[in-house]
Amino acid sequence: MKISRVQLFPVATPRQTGIANQHVIVQLEAGDSHVGWGEMSDLSHVPMYQFDIRELERMLNELLRGRDGRNIAKIEDDLIRFFPDEGHMYSRSGLVRQGIDLALHDLNARAQGAPVYHLLGGKLRDRMRVCYPIFRMRSVEEVPGNLERVEEKLAQGFDLIRVYVGANQGADEAFLGQFTDRFAGRVQIKSLDFSNLLDWRRAIMALERYQELCDFMLVESAAPRNDIEGLSQFRRRCKRPISEHVLHIHHGWQLLAAGAVDILNVSPYLLGGLRASLRLIALAEAARASVLIGTTQELSLGTAAVAHLAAAARVLDYPGDNTGPQLYTADVVKTPVAYEHSHLIVPDGPGLGLEVDEVKLAQMTASAEWTFGTDLAGVLDRTPTNRPSARQQ
Ligand code: MG
Ligand code: MG
């Protein structure tokens with residue numbers, strides 16, 4: 001099954017909150033008529049540079065054309081050399097490798113008429129519990145809108161949220177206190193996510209207040225980026241499990257060896273696809289640590305890949321974050337991934353289990369407005385452009 005062509009399709013999809021995110025859809029063609037689809041998810045993060053899409057496409061064709069599409073291991077091994085780990089949260093290398101890894105899995109599984117989880121060894125579960133995000137609040141004026149959002153998502157079956165905290169403690173306390181009054185017993189909090197905003201002492205002090213106001217399963221990113229020692233200090237003083245995003249396999253080992261985490265936040269977008277993610281899950285198993293699957297807000301293709309990973313994961317003991325398709329107002333597939341009662345359902349069709357709507361894809365590509373750099377606060381906070389704190393400026 002020789003790869004004959006790689007095509008990249010840039011798309012921009014608005015979120016319900018207003019901000020638009022950029023993604024690159026990957027199409028691989030191989031053999032007589034085999035096709036595989038993948039996704040480089042959510043490029044609209046700092047560091048602030050974008051791909052030259054045509055140049056990247058030319059490079060990937062150079063690297064992959066004529067190769068045996070069945071040898072995913074060999075292609076991955078080569079791509080790791082050309083697109084090495086960058087060691088930060090929004091690695092372009094990881095996204096390129098994710099796009100190809102997903103498309104290769106889709107291609108091979110489709111050729112076999114089997115779901116991708118078959119290629120990963122089979123499935124242990126057919127759904128994963130997931131949470132809906134409440135993004136960072138910069139002012140108390142954002143609290144009522146976010147409480148309304150919890151109510152709306154609960155009506156759609158989502159009874160689990162994660163809350164990004166640490167930007168404005170007054171707003172956090174107002175939200176968490178009112179959340180408990182209004183939703184206790186009906187909606188749970190998966191995590192309080194400091195997203196590396198505070199040093200570990202400030203995070204401890206903030207957490208002491210938050211834990212008086214609400215119940216939650218775990219705490220994420222409670223020290224600055226790469227401050228593994230600080231995260232270890234935090235973990236020693238916190239009774240709840242600690243998770244952190246894993247940047248690459250050696251980083252996973254560093255976090256575990258330092259006693260800095262209980263849970264590895266494993267994300268295909270960061271690590272470079274499904275194969276790399278499975279290696280991290282094995283690492284967690286070896287350390288008797290836990291795993292959750294994180295997100296950058298993938299479209300349906302990227303989220304379906306996560307569902308197949310969840311299906312095959314030997315260790316997966318906390319809910320995941322993968323509700324991207326619930327945030328976006330448009331997608332490139334005919335039918336998006338399914339959710340039932342706060343669970344992401346593992347697709348059972350061939351490949352990733354989704355059909356790309358090529359007419360819609362062409363329309364979205366033609367109208368892809370690369371809004372990158374036009375709303376910097378939005379890029380950093382993932383909050384709506386009409387948020388009250390933005391209007392005050
Ligand atoms: Mg996080
Ligand atoms: Mg993102």
Side-chain angles (χ1 to χ4, degrees), residues 15-19 128-198 202-222 234 238-243 262-263 265 292 294-295 297 318-324 326-327 339-344 377-378 380-384 386-392:
R15 292 188 186 183
Q16 285 160 352
T17 51
I19 186 172
M128 171 175 71
R129 196 171 183 209
V130 290
C131 61
Y132 188 84
I134 297 299
F135 292 112
R136 191 182 296 171
M137 286 165 276
R138 293 207 165 266
S139 83
V140 288
E141 293 173 270
E142 292 168 47
V143 170
N146 278 336
L147 291 164
E148 270 318 297
R149 168 101 7 196
V150 176
E151 191 79 63
E152 275 168 36
K153 295 314 288 187
L154 178 59
Q156 295 166 25
F158 287 91
D159 62 1
L160 186 66
I161 61 169
R162 65 182 184 279
V163 186
Y164 289 88
V165 295
N168 180 323
Q169 202 169 328
D172 294 341
E173 289 178 20
F175 176 85
L176 295 172
Q178 290 173 50
F179 169 87
T180 299
D181 293 343
R182 199 160 150 187
F183 297 106
R186 296 196 295 148
V187 181
Q188 280 184 293
I189 298 177
K190 184 216 88 184
S191 55
L192 300 180
D193 191 334
F194 284 92
S195 49
N196 310 107
L197 279 183
L198 302 182
R202 286 195 175 91
I204 280 288
M205 290 191 293
L207 193 73
E208 280 169 5
R209 288 288 301 130
Y210 302 155
Q211 64 197 10
E212 289 168 12
L213 297 168
C214 66
D215 195 16
F216 51 91
M217 296 180 192
L218 63 104
V219 180
E220 188 159 284
S221 301
F234 182 95
C238 179
K239 293 196 181 88
R240 302 299 169 101
I242 307 301
S243 74
D262 302 277
I263 306 163
N265 178 328
L292 68 83
T295 189
Q297 309 306 350
Y318 286 93
D321 295 337
N322 314 88
T323 54
Q326 293 287 317
L327 296 183
Y339 292 90
E340 278 172 28
H341 306 297
S342 273
H343 286 75
L344 170 63
L380 289 169
D381 292 350
R382 330 309 298 164
T383 48
N386 63 352
R387 62 195 177 280
S389 55
R391 282 205 303 272
Q392 284 168 356

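Because only heavy atoms are used, hydrogens play no part in the values below, and waters and symmetry mates are left out as well, while side chains stay in.
Shown here for Ser195 and Asp193, the closest heavy-atom pair between the two residues is N-OD1, 2.7 Å. Annotation for Leu292 and Pro319: closest pair CB-O, 3.6 Å, computed over non-hydrogen atoms. Of all heavy-atom pairs spanning Pro241 and Met217, the tightest one is CD-O, 3.3 Å. Minimum interatomic distance between Phe194 and Ala206 (heavy atoms only, all atoms of both residues): CE2-CB, 3.9 Å.
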Go through the steps to decide whether Asp159 and Ser342 satisfy the test side-chain hydrogen bond (donor to acceptor under 3.5 Å, both in side chains), and finish with yes or no. CA-CA 6 Å; Asp159 62 1; Ser342 273; 3.1 Å; yes
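Once rounded to the nearest 0.5 Å, the distance linking CG of Leu198 with CD of Gln169 reads 8.0 Å.
The closest side-chain heavy-atom distance from Leu192 to Asp172 is not below 4.5 Å. Using a 4.5 Å heavy-atom cutoff, the side chains of Leu207 and Phe234 are in contact. Considering only heavy atoms from C-beta on, Tyr318 stays 4.5 Å or farther from Asp262 through its side chain.
Listed for the Asn196 side chain is no donor-acceptor partner under 3.5 Å among the backbone atoms of Ala222.
Between the side chains of Gln326 and Lys153, a donor-acceptor pair is found at a separation under 3.5 Å.
Contacts of Asp215 classified as salt bridge (charged side-chain N to carboxylate O under 4.0 Å, His left out), with partners at least two apart in sequence or in another chain: Arg240. Shown here are the side chain to side chain contact (heavy atoms under 4.5 Å, CB included) partners of Glu212, two or more places apart in sequence or in another chain: Arg209.
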